[in-house]
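As structure tokens, the structure follows; a few thoughts come after it.
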There are 2 protein chains.
Amino acid sequence: MKFEAITIKDIARALDLSVSTVSKALRGSHEISDETKRLVLAYAREHNYKPNPIAQSLKKGLSKSIGVIVCNIDNNFFSQVINGIESVARQKDYNVIITQSQESYEREVANSEHLSSRSVDGLIISLSAETKNVDHLIRLHQKGLPIVFFDRITDEIPTHKVIANNFKGAYEATRHLIQQGFRHIAHITSSSSLSITLERFEGYKKALEDAGLKPDPRYTKLCQHGGMIPEETRQALTELLQLNPQPDAIFTASDRLSTTTLSLLRKMQISVPDQIGLVGFTNSISADIFHPALTSVVQPALEMGTLSTELLIQLIESKRPVTEFKKIILETDLKIRDSSLRINQ
Amino acid sequence: MKFEAITIKDIARALDLSVSTVSKALRGSHEISDETKRLVLAYAREHNYKPNPIAQSLKKGLSKSIGVIVCNIDNNFFSQVINGIESVARQKDYNVIITQSQESYEREVANSEHLSSRSVDGLIISLSAETKNVDHLIRLHQKGLPIVFFDRITDEIPTHKVIANNFKGAYEATRHLIQQGFRHIAHITSSSSLSITLERFEGYKKALEDAGLKPDPRYTKLCQHGGMIPEETRQALTELLQLNPQPDAIFTASDRLSTTTLSLLRKMQISVPDQIGLVGFTNSISADIFHPALTSVVQPALEMGTLSTELLIQLIESKRPVTEFKKIILETDLKIRDSSLRINQ
DNA sequence: TTGTAGGCGTTATCAA
DNA sequence: TTGATAACGCCTACAA
């Protein structure tokens, strides 16, 4: 009943050769006669021989697989990044092992521990909203595990990083709202410990200042769980709507926050943008399809995935230690669309 | 510079014991003295010993990983299913290796070959739109690789399957359009070789018939690539709009087709539902957030993932061959909402 | 040109 | 209670 695959040993026995001869023949070594090679290759093909990757891994100390930690796959941005990761990885013959932190620090630590201990050759990670301390990753990095960060990065580890131009995106999104005539613009964003939170907040603030508007700290609400807990977002929105003067527009900092906010507004029977303006920051290409009622700032998520993977594989396969690390900032591609959501239920 | 992990051998040398003693002590064998166990475990913990999973795999012939083949991760339905798969797998200590067929038969074959050959203990798959022949999977199944199908299944392989109640979902979606007063309801669907295509078409047809409407074959358009090629969908929509009488509503059979159609209608400046009715079939929970202009039929995608994974792990870990296979049909949870998309650009 | 032997890290069997 | 040995499948000095 077990899945019996053919091995080098089987070929050797069948052809009355030694395993090393077969091994060499299979890899086309020049120290094997053409005749023997022909025989071995023919037999291998005929019996559909495939080297056992696990044995190869054990031998070479490389698993030909890369680990990925994201907070949640079921999120347009991350699934697009993973799409990019998978495409490049497959092309270079690496397996992709996916794990989710669900925005939990503990799960992030557990997943990183699990993925290391020799089972992956490298790690691609975007930090969880809860993560304030990256010692677990520093440890792995010091042990020599190649790591590439994307989107939610840390400055504490010297390695490659790929991010979007969060400042510029947030600046342009906010400026767009201002140009639409909104004056009291609120900001719903993620955990204060995330790199993206600060960068986007700075863009938001600068746009207000450049327009002569005074950023009011009461108008910025943090969601420590990055919107994973809807109640948190509901609370933030409710508090904003009770302020005086009431905000006339909202700049939401992520896909999850945007969609949750949109959904809450719908339940509250508040039309966008007739009653309140809404712009969402997004890194997701298809966002313009999925968010027909949002104005969005679009970033190439797919490219983040492909780039990160190329950099990681480069790290893995470089014989000599890499000393210079890149921090790649993908440029904002502002895409404004003003469809609106009419509420009629 | 290499990642040097501590091994059993290191512990044995340090404690002046044999590797087999250490191995047994680590697994708490009762044939080892308490004193020795204490020593070994203390040393192991102190030096953060982790067994090398690759060596264990080689030894046991099990990799503790499951392969997944979907057409595209960057698709709400599949990313939600994978979310479910990953959750259950992690809980049971399995790695999840993701691959995408991109709706290509060739890539599906290549991925399945790659994932088998001992690198995964089981396979969870949803067929590509191009796949007409499943010999590649029959081969793996016969070799003893446990397989579970979800959503896009085949009847040719006797194993567990998890699907949605496609007939009922399509029936209700179509009936809803009829109740809204639409009479010329078109249907844009996927490849004719997919199981879901037929099932959803039957539901659509039955709803029309039950309402005394005559299904017109010209009103059903197939997209052989499941909407992966936008041009295909554009063509289908264009042809539909040229028919006489022109359809007054469309029932789209999948997320990708729904969003593409919505996007095309927007470009054509055709409002939904003022100028044309639109209902999309979806298995995706968050669809009601993402498709504010669509009426949707909601299915528990997450549950498809968790269920499939539980069934697969059951197959993998069952000592005796499983003889009875389940075909689980998850029930439709119809969720109607009639927000509308006003076009103003 | 081919074969022998040892090892990658772990586990299982059998002997001490 | 512990240890020596072989084995999982593959690779590679080194010998023949």
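Chain naming here is simple, since letters A, B, ... match the order of the sequence lines and numbering starts at 1 in each. Just so we're clear, the structure is a prediction, and the values are computed from it rather than from any experiment.
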Gap between atoms [atom1] and [atom2], on [X] and [N] respectively (whole Å):
{"X": "A:Leu58", "N": "D:dC11", "atom1": "CG", "atom2": "C1'", "value": "11 Å"}
{"X": "A:Asn52", "N": "D:dC8", "atom1": "CG", "atom2": "P", "value": "12 Å"}
{"X": "A:Arg27", "N": "D:dC11", "atom1": "CZ", "atom2": "P", "value": "5 Å"}
{"X": "A:Ile54", "N": "D:dA7", "atom1": "CD1", "atom2": "C1'", "value": "16 Å"}
{"X": "A:Lys24", "N": "C:dT1", "atom1": "NZ", "atom2": "C1'", "value": "9 Å"}
{"X": "A:Ile32", "N": "D:dA16", "atom1": "CD1", "atom2": "C1'", "value": "14 Å"}
{"X": "A:Lys64", "N": "D:dC10", "atom1": "NZ", "atom2": "C1'", "value": "16 Å"}

Under 4.0 Å between a side-chain N or O of [X] and OP1 or OP2 of [N]?
{"X": "B:Ser23", "N": "C:dT11", "answer": "yes"}
{"X": "B:Tyr49", "N": "C:dT10", "answer": "yes"}
{"X": "B:Thr21", "N": "D:dT2", "answer": "no"}
{"X": "B:Gln56", "N": "C:dG9", "answer": "no"}

Distance alone, cut at 3.5 Å: any donor-acceptor contact between the side chains of A:Asn72 and A:Gln102?
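Present: a donor and an acceptor within the cut-off.
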Could you check whether B:Phe150 and B:His160 have their ring centres less than 6.0 Å apart?
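No.
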Checking all strands, does [X] fall into the base, sugar-phosphate, or nothing category for heavy-atom contacts under 4.0 angstrom?
{"X": "B:Glu31", "answer": "base"}
{"X": "A:Ser57", "answer": "nothing"}
{"X": "B:Leu17", "answer": "sugar-phosphate"}

[Y] side chain reached by [X] side chain, heavy atoms, under 4.5 Å:
{"X": "B:Ile163", "Y": "B:Arg152", "answer": "no"}
{"X": "A:Ile11", "Y": "A:Thr7", "answer": "no"}
{"X": "B:Leu137", "Y": "B:Thr154", "answer": "no"}

Can you tell me how far apart NE2 (A:His141) and CG (A:Leu123) are? Round to the nearest 0.5 Å.
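A:His141 atom NE2 to A:Leu123 atom CG measures 11.0 Å (nearest 0.5 Å).
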Does B:Ser20 make a side-chain donor-acceptor contact with the base of D:dA4, cut-off 3.5 Å?
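It does, because a donor-acceptor pair links the side chain of B:Ser20 to the base of D:dA4 below 3.5 Å.
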On a plain distance test, is the side chain of B:Lys59 in donor-acceptor contact with the base of D:dC8 below 3.5 Å?
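Answer is no: no donor-acceptor pair is held.
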Given that B:Lys37 and A:Ala55 both sit by DNA chain D, which one's nearest nucleotide is further toward the 5' end?
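Looking at DNA chain D, the more 5' nearest nucleotide goes with B:Lys37.
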Quick test of your reading: applying salt bridge (Lys or Arg N to Asp or Glu O under 4.0 Å), list the pairs with at least one residue in residues 39-56 of chain A, sequence neighbours left out, ordered by first then second residue.
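Salt bridge (Lys or Arg N to Asp or Glu O under 4.0 Å) check on residues 39-56 of chain A returns A:Lys50-B:Glu113.
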Give me the residues of residues 6-16 of chain A where at least one heavy atom lies under 4.0 Å from an atom of DNA chain D, by number, or none.
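Going residue by residue through residues 6-16 of chain A, the ones with a heavy atom under 4.0 Å of DNA chain D turn out to be A:Thr7, A:Ile8, A:Lys9.
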